[in-house]
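Remarks on the structure that follows.
Only this structure's heavy atoms are used, side chains among them; waters, hydrogens and symmetry mates stay out.
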Amino acid sequence: MQSSNGRPRGGGGGVESSVDNHDGHEPAPTEGHGQVRYDDPWYDALAAGWGESGGAGAPEPGAPPVRREQEASAVAAAEVYLEVQRSAAFQEVRGRYRRFVVPAVVVFFVWYVAYVVTATTAPGLMARPVAGAVNVAMLAGLGQFLTTFLFTWAYARHARLRRDRAALELRWDTQELTRGIRGGVS
């Protein structure tokens with residue numbers, strides 16, 4: 001394989017310096033000739049055997065026991081998250097979120113579309129002066145900014161008063177459950 005500058009990269013037959021390395025990082029240390037360290041975060045267990053021959057061109061056997069334990073704990077953690085997602089407390093938090101956000105988005109979208117449609121279909125109305133050089137269009141445009149800030153404030157207040165405490169308790173419970181699965185490490 002060649003890097004973007006045309007020089008061979010990785011496994012090109014010679015020792016590669018950090019200057020020659022395309023991404024500027026040292027190559028990952030290996031346990032032996034032709035073997036990848038299994039704690040490498042970029043190691044893909046599904047692609048085991050791609051360029052990782054065990055000497056005679058045969059692919060390496062499956063993942064080591066440590067890797068299987070990590071995969072088992074990941075599956076167990078996924079089960080915890082699914083259990084939390086099905087819980088009544090989670091459904092209540094999601095319901096409170098939706099009961100606020102859906103009407104707020106609908107109201108704001110209708111207000112925005114009404115502003116745009118009125119500006120394009122009734123230019124005489126929008127050009128009507130209100131006070132001096134200030135006309136209806138300018139007030140409606142400033143109203144768009146005002147309602148954006150108002151909805152942002154209302155959303156933050158709603159989250160703080162009605163969802164944050166319950167969501168934090170769910171997060172705490174989820175971390176405790178996954179910590180128990182992973183043996184005290186989270």
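Residue L161 belongs to no hydrophobic cluster, having no ILVMFWY side-chain heavy atom closer than 4.5 Å to its own.
Taking each heavy atom of A167 and V93 in turn, the nearest pair found is N-CG2, 4.1 Å.
In this structure, the separation between OG1 on T174 and CD on E83 is 9.0 Å, given to the nearest 0.5 Å. Note that CD of Q91 and CZ of R86 are 10.5 Å apart. Values are rounded to the nearest 0.5 Å. With rounding to the nearest 0.5 angstrom, the CG atom of L139 is 9.5 Å from the CE atom of M126.
Residues that satisfy the side-chain hydrogen bond (donor to acceptor under 3.5 Å, both in side chains) test with T147, not counting sequence neighbours, are W111. Residues passing the side chain to side chain contact (heavy atoms under 4.5 Å, CB included) test with A122 are T118, L125, sequence neighbours excluded. Annotation: ring pair (Phe, Tyr, Trp, His ring centres under 6.0 Å) contacts of F151 (sequence neighbours excluded): F108. For the side chain to side chain contact (heavy atoms under 4.5 Å, CB included) test, residues two or more places apart in sequence or in another chain that qualify with V105 are V101. Every residue meeting the side chain to side chain contact (heavy atoms under 4.5 Å, CB included) condition with L150, not counting sequence neighbours, appears here in chain and number order: W153.
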Legend entry - Worked verdict on T178 versus Y81 for side chain to side chain contact (heavy atoms under 4.5 Å, CB included): CA-CA 9 Å; T178 56; Y81 284 104; 3.9 Å; yes

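Applying the salt bridge (charged side-chain N to carboxylate O under 4.0 Å, His left out) test to pairs two or more places apart or on separate chains, none has a residue in residues 136-162. For residues 157-176, the pairs satisfying ring-ring contact (aromatic ring centres under 6.0 Å, His included) are F100-H158, with sequence neighbours left out. Identified under the salt bridge (charged side-chain N to carboxylate O under 4.0 Å, His left out) test for residues 113-124, with sequence neighbours left out: none. Applying the salt bridge (charged side-chain N to carboxylate O under 4.0 Å, His left out) rule to pairs touching residues 93-107 yields E92-R96, E92-R99, sequence neighbours excluded. Here salt bridge (charged side-chain N to carboxylate O under 4.0 Å, His left out) pairs that include residues 163-177, with residues two or more places apart or in two chains, are E176-R179. Within the structure, side chain to side chain donor-acceptor pair (under 3.5 Å) contacts touching residues 120-139 (residues at least two apart or in different chains) do not occur.
Cluster membership for V134 and V136, using ILVMFWY side-chain heavy atoms within less than 4.5 angstrom, is shared.
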